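Here is the structure we will look at, set down as structure tokens.
What you see is a predicted model, and the numbers here were worked out from it, not measured in a lab.
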Amino acid sequence: MQRPGPFSTLYGRVLAPLPGRAGGAASGGGGNSWGLLGSHVQPPGRAQSGTRGATGTASTSGLDANNVCPAPSAMSKAEEAKKLAGRAAVENHVRNNQVLGIGSGSTIVHAVQRIAERVKQENLNLVCIPTSFQARQLILQYGLTLSDLDRHPEIDLAIDGADEVDADLNLIKGGGGCLTQEKIVAGYASHFIVIADFRKDSKNLGDQWHKGIPIEVIPMAYVPVSRAVTRKFGGEVQLRMAVHKAGPVVTDNGNFILDWKFDRAHKWSEVNIAIKMIPGVVDTGLFINMAERVYFGMQDGSVTVREKPFC
């Protein structure tokens, strides 16, 4: 049976193509003609019983009341949700002859697995640009074609995870320390799609993610940068320390990571620019006005797709 086009369906739900981003610059994502914000879709093979309540959550499917199997843990549900989100994004946005930006972290693994499956099944011609050493190793592990921005400076589609997503699709990224290369790849992509599990969905940044906003800094400047950030914006700044080595975390670029734990709401676009102007700062983990769509894997086995709302 012929596979539907990559922008045609999300498990049987009609979606429209994403609007273009001229010159690969980051944009706010365009309209919402393809569906309602926060709409749920049900993956194949998941029988959905019961009715969906006013809150948008689905009732559990019919299980034997005497079933002695333990309920899945929160962690296993989160991992399954990551898989659902990653596979949904790949099904709907990856097509032949694309240059793909491959993000970093635990969620992206599921997307790469599905990309590799589709390459074999459909004989797709894809080129992959990594955002980190981990992403590079994933690309090679799954037999995908590895490239870089020197050879492919224009990226068709970047897929990446997030530590937190707010109601306006602003992101906190960098929990894994790869924020600068992730932002470079996302910024030069025509389309930037985010995949995440239900725990990453917040109304405001900081509601769910309490580890702070990562800031990549030149090592010699981490003390004055820390002081400058707290003087300007309050809160607390900590140098991120490694777990299995003595000393601080060192990024793929040879820099340090500061984690800024802010203590109040901010205008994030202004804060992002101001912090980047501090001498010694390489970049921040604030991804503002960049994500076009976010796929959230949900606890009930569905996938919620959300697009940046109209202003």
Side-chain angles (χ1 to χ4, degrees), residues 9-13 15 35-50 52-53 55-63 69-94 102-118 134-135 138 142 157-167 169-176 178 182 192-211 287 291-308:
T9 62
L10 172 58
Y11 301 128
R13 180 180 177 82
L15 300 182
L36 296 175
L37 298 179
S39 55
H40 286 256
V41 288
Q42 194 72 12
R46 290 258 185 180
Q48 183 176 346
S49 67
R52 189 172 298 279
T55 59
T57 58
S59 62
T60 56
S61 40
L63 297 176
C69 295
S73 66
M75 187 56 66
S76 64
K77 285 185 178 180
E79 197 62 33
E80 177 67 17
K82 293 177 184 180
K83 182 176 180 179
L84 291 170
R87 294 177 75 89
V90 170
E91 290 297 322
N92 286 278
H93 300 287
V94 172
I102 302 298
S104 305
S106 58
T107 308
I108 200 67
V109 175
H110 301 291
V112 172
Q113 289 174 341
R114 183 56 188 149
I115 291 169
E117 290 171 0
R118 287 192 58 193
Q134 178 225 9
L138 271 176
Y142 284 94
L157 171 69
I159 302 178
D160 206 344
D163 298 310
E164 190 170 35
V165 184
D166 76 5
L169 299 199
N170 295 316
L171 316 175
I172 294 178
K173 290 178 54 56
C178 307
E182 289 172 340
F192 177 38
I193 303 300
V194 174
I195 54 179
D197 64 76
F198 53 89
R199 302 172 301 171
K200 311 302 174 62
D201 187 9
S202 294
K203 181 179 180 181
N204 302 296
L205 295 183
D207 287 351
Q208 305 290 339
W209 180 256
H210 304 299
K211 297 181 180 180
F287 283 51
E292 298 182 25
R293 286 179 182 165
V294 180
Y295 289 75
F296 290 106
M298 306 305 291
Q299 289 174 291
D300 63 4
S302 66
V303 175
T304 294
V305 187
R306 199 163 79 223
E307 190 175 41
K308 183 176 176 63

- Item | Any Ile195 side-chain heavy atom under 4.5 Å of His110 side chain | no
- Less than 4.0 Å between a side-chain N and a carboxylate O, is that true for Asp163 and Lys211? no
- Take the angle between the ring planes of Tyr295 and His93 and call it parallel below 30°, perpendicular above 60°, tilted in between. perpendicular
- Query: Should Ile102 and Gln134 count as side-chain neighbours, where that means a heavy-atom distance under 4.5 Å?
  - Reply: no
- Going from NZ on Lys77 to CE on Met298, what distance comes out if it is rounded to the nearest 0.5 angstrom? 11.5 Å
- Message: Within this structure, what is the CD-CG distance for the pair Gln113 and Leu138, rounded to the nearest 0.5 Å?
- Response: 8.5 Å
- Quick one: are Val194 and Lys200 in side-chain contact, heavy atoms under 4.5 Å? no
- Message: A side-chain contact here means heavy atoms from C-beta on lying under 4.5 Å apart; do Arg87 and Arg118 qualify?
- Response: no
- Message: Under the rule for side chain to side chain contact (heavy atoms under 4.5 Å, CB included), what residues qualify as partners of Ser202, not counting sequence neighbours?
- Response: Glu164, Asp207, Gln208
- Message: Let me confirm one number: the CD1-CH2 distance from Ile172 to Trp209, rounded to the nearest 0.5 Å.
- Response: 8.0 Å
- Message: Could you check whether any side-chain N or O of Asp160 sits under 3.5 Å from a backbone N or O of Ser104, counting only pairs where one atom can act as donor and the other as acceptor?
- Response: yes
- Item | salt_bridge(Glu117, Arg114) N-O dist < 4.0 Å | yes
- Query: Do Glu79 and Lys82 sit within salt-bridge range, that is, some charged N less than 4.0 Å from a carboxylate O?
  - Reply: yes
